Undergrad: 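Attaching a single structure in structure tokens format; questions to follow.
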Amino acid sequence: MFIGFSEAETFLRNCRDAVIITHMSPDGDCIGSGFGLKDILSELGVRSRVVCSDPFPKRYDFMTNTGVGEDFEPQTIIAVDIADPKLMGKYEEIYGGKVQLCIDHHISNKNYAEKTLLRGEATAACEIIYDLAKFMGVKITRHCAMCLYTGIATDSGCFKYDCTTPRAHEIAAEMKRCYDINFAKINRYMFEVKSLGRMKLEGKVSELMEAHLDGKLAILAVTQDMMKELGIAMEELEGFAPMTIQLEDTEVGILLREREPGVYKCSFRSADQVNVSAICQELGGGGHVKAAGCTVEGDIDEVKNKLIEAVRKAL
Ligand SMILES: [Mn+2]
């Protein structure tokens, strides 16, 4: 059932001992939503714990530094920034069918939770959580503001993607006025700083860029062997997807990452016109019009051919 702010407020004010689930391959928005919501719940006197199927990458330490939370038998299950329980990874089995409140901004949300606060137009789940906290009149601490800002900044590509709402700019402005947050430092860590391995990988990876369909489709595939060879962890490949649409003439870009042998996580980006959410839904995934994803199994050539066919139909 889809709900609005007042119902979400009632829910949060009356919940206790909450587990907040973030999606696997965690990004700035789900981590910001998870830890920002944990701060808000703690203002309400509610204990909470943030869980994720994968470890939180080091560059997000300034959000996760408050700790994932206490150990308790959960009474409340909340999911943030998760359109589909499949994205919970190992937590799908435990909590997938038990989510009581989902806060999300993906139009492809599967409506799997008892109550879903969905705002498809929001830049980030963090934007919804900020507005919800304002609606509730809960104090937003500086740490909470940093978390929520990070989600909005990362999901909007530092306020440069189409999905950036006027509200996202307003929230950043409000935060700039109210808190002493170093936006430049956060954005440097989110968008610029990289490991030596990553920098070298970018060089190698750009050599792997393939153009298909008369240059309208760019594919970047990274196998487990490559990751092993370069000493790179799967989570360090976050942020490569936008590179695929930097190639001139490209309309759709796909980053393929081999999660497990023969299992590819496919991250789609659209440069302008193509709805990649629709393509990904055909392949069992989903997401946003210009940024979406799915998982495809097979050997690398089979996977590529399947994706090329799917994009050809959509062009
Ligand atoms: Mn998000």
Side-chain angles (χ1 to χ4, degrees), residues 23-28 30 52-60 84 86-90 92 154 191 193-271 274 276-277 279-287 291-314:
H23 58 72
M24 58 186 187
S25 303
D27 59 14
C30 79
C52 184
S53 194
D54 295 316
F56 296 119
K58 202 168 125 279
R59 68 180 178 284
Y60 301 115
D84 186 324
K86 276 192 292 195
L87 300 171
M88 294 176 188
K90 68 182 181 198
E92 183 189 2
T154 51
F191 300 104
V193 170
K194 53 195 83 164
S195 67
L196 182 61
R198 162 68 186 240
M199 202 171 278
K200 289 188 174 178
L201 184 69
E202 279 183 10
K204 295 217 175 191
V205 158
S206 41
E207 286 186 24
L208 292 172
M209 189 78 81
E210 295 172 13
H212 298 274
L213 305 175
D214 295 326
K216 294 195 171 85
L217 168 64
I219 293 183
L220 202 50
V222 189
T223 62
Q224 288 207 332
D225 285 346
M226 271 196 65
M227 289 181 223
K228 215 175 289 167
E229 195 183 311
L230 289 150
I232 281 277
M234 171 89 183
E235 68 257 23
E236 284 188 88
L237 290 168
E238 285 301 331
F240 264 108
M243 196 200 250
T244 57
I245 50 169
Q246 284 176 4
L247 196 63
E248 65 179 340
D249 302 326
T250 294
E251 290 181 22
V252 175
I254 311 172
L255 167 68
L256 301 183
R257 281 171 286 174
E258 195 178 12
R259 254 196 99 77
E260 294 158 33
V263 181
Y264 287 86
K265 185 176 149 80
C266 312
S267 305
F268 283 61
R269 291 294 181 276
S270 168
V274 181
V276 289
S277 177
I279 302 175
C280 289
Q281 276 177 41
E282 292 266 303
L283 296 164
C294 61
T295 300
V296 178
E297 294 183 25
D299 74 43
I300 184 66
D301 290 323
E302 284 168 12
V303 171
K304 278 187 199 167
N305 286 333
K306 193 168 176 186
L307 298 175
I308 293 167
E309 251 340 283
V311 173
R312 187 203 306 276
K313 278 194 282 170

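These numbers were taken from a predicted model, which means no experiment stands behind them. The analysis underlying the following values was restricted to heavy atoms, covering all of them including side chains, and did not include hydrogens, waters or symmetry mates.
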Undergrad: Quick one: are Met209 and Leu247 in side-chain contact, heavy atoms under 4.5 Å?
TA: yes

Undergrad: If every non-hydrogen atom of Tyr60 is compared with every non-hydrogen atom of Pro26, which pair is closest and at what distance?
TA: CE1-O, 4.2 Å

Undergrad: Going by the rule salt bridge (Lys or Arg N to Asp or Glu O under 4.0 Å), which residues pair with Glu309 if we only count those two or more places apart in sequence or in a different chain?
TA: Arg312

Undergrad: Any idea which heavy atoms bring Ala310 and Ile279 closest together, and the distance?
TA: CB-CG2, 3.9 Å

Undergrad: Once rounded to the nearest 0.5 Å, what's the spacing between atom CG of Leu256 and atom OG1 of Thr244?
TA: 10.0 Å

Undergrad: Taking side chain to side chain contact (heavy atoms under 4.5 Å, CB included) as the test, write out the residues that go with Lys194, two or more places apart.
TA: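 Listed in chain order: Arg198, Met199, Glu202.
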
Undergrad: For Ala291, enumerate each residue passing the side chain to side chain contact (heavy atoms under 4.5 Å, CB included) test, keeping only those at least two apart in sequence or located in another chain.
TA: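 Side chain to side chain contact (heavy atoms under 4.5 Å, CB included) list for Ala291, sorted by chain: Arg269.
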
Undergrad: Does the side chain of Glu92 come within less than 4.5 Å of Ser53's, by heavy atoms?
TA: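 No, side chains not in contact.
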
Undergrad: Return the SG to CG distance between Cys30 and Leu87, rounded to the nearest 0.5 Å.
TA: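 The CG atom of Leu87 is 10.0 Å from SG of Cys30, to the nearest 0.5 Å.
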
Undergrad: Which residues satisfy the side chain to side chain donor-acceptor pair (under 3.5 Å) test with Lys265, sequence neighbours excluded?
TA: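 Lys265 satisfies side chain to side chain donor-acceptor pair (under 3.5 Å) with no other residue.
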
Undergrad: Without placing hydrogens or testing angles, list every side-chain donor-acceptor pair under 3.5 Å for residues 216-226, not counting sequence neighbours.
TA:
unit_1 : atom_1 : unit_2 : atom_2 : d
Thr223 : OG1    : Met226 : N      : 3.3
Gln224 : NE2    : Glu258 : O      : 3.3
Gln224 : NE2    : Arg259 : O      : 2.8

Undergrad: So which atom in Ile254 and which in Val311 form the shortest heavy-atom distance, rounded to 0.1 Å?
TA: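 It is CD1-CG2, 4.1 Å.
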
Undergrad: Could you tell me which residues satisfy ring-ring contact (aromatic ring centres under 6.0 Å, His included) with Phe240, sequence neighbours excluded, listed by chain and number?
TA: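 With sequence neighbours excluded, Phe240 shows a ring-ring contact (aromatic ring centres under 6.0 Å, His included) to no residue whatsoever.
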
Undergrad: For Cys280, enumerate each residue passing the side chain to side chain contact (heavy atoms under 4.5 Å, CB included) test, keeping only those at least two apart in sequence or located in another chain.
TA: Phe268, Ala292, Cys294

Undergrad: Can you check whether Gly287's main-chain N or O pairs, donor with acceptor, with Ser277's side chain at less than 3.5 Å?
TA: yes

Undergrad: Can you name the closest pair of heavy atoms from Ser206 and Gly203 and give their distance?
TA: OG-O, 2.9 Å

Undergrad: Identify, with sequence neighbours excluded, every residue that meets side chain to side chain donor-acceptor pair (under 3.5 Å) alongside Glu210.
TA: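 Per chain and number, Glu210 pairs via side chain to side chain donor-acceptor pair (under 3.5 Å) with His212, Lys304.
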
Undergrad: Identify, with sequence neighbours excluded, every residue that meets side chain to side chain donor-acceptor pair (under 3.5 Å) alongside Lys200.
TA: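 Lys200 satisfies side chain to side chain donor-acceptor pair (under 3.5 Å) with no residue once adjacent residues are dropped.
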
Undergrad: So Leu283 and Leu307, do their side chains get closer than 4.5 Å, heavy atoms only?
TA: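 Sidechains of Leu283 and Leu307: in contact.
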
Undergrad: When you measure from the side chain of Asp54 to the backbone N and O of Met24, does any donor-acceptor pair fall under 3.5 Å?
TA: no

Undergrad: Name all residues meeting the side chain to side chain contact (heavy atoms under 4.5 Å, CB included) criterion together with Asp249; count only those two or more places apart in sequence or in a different chain, and write none if there are none.
TA: none

Undergrad: Measure from the side-chain N and O atoms of Asp299 to the backbone N and O of Glu302, and report whether any donor-acceptor pair falls under 3.5 Å.
TA: yes

Undergrad: Quick one: list whatever passes side chain to side chain donor-acceptor pair (under 3.5 Å) with Glu207, sequence neighbours left out.
TA: none

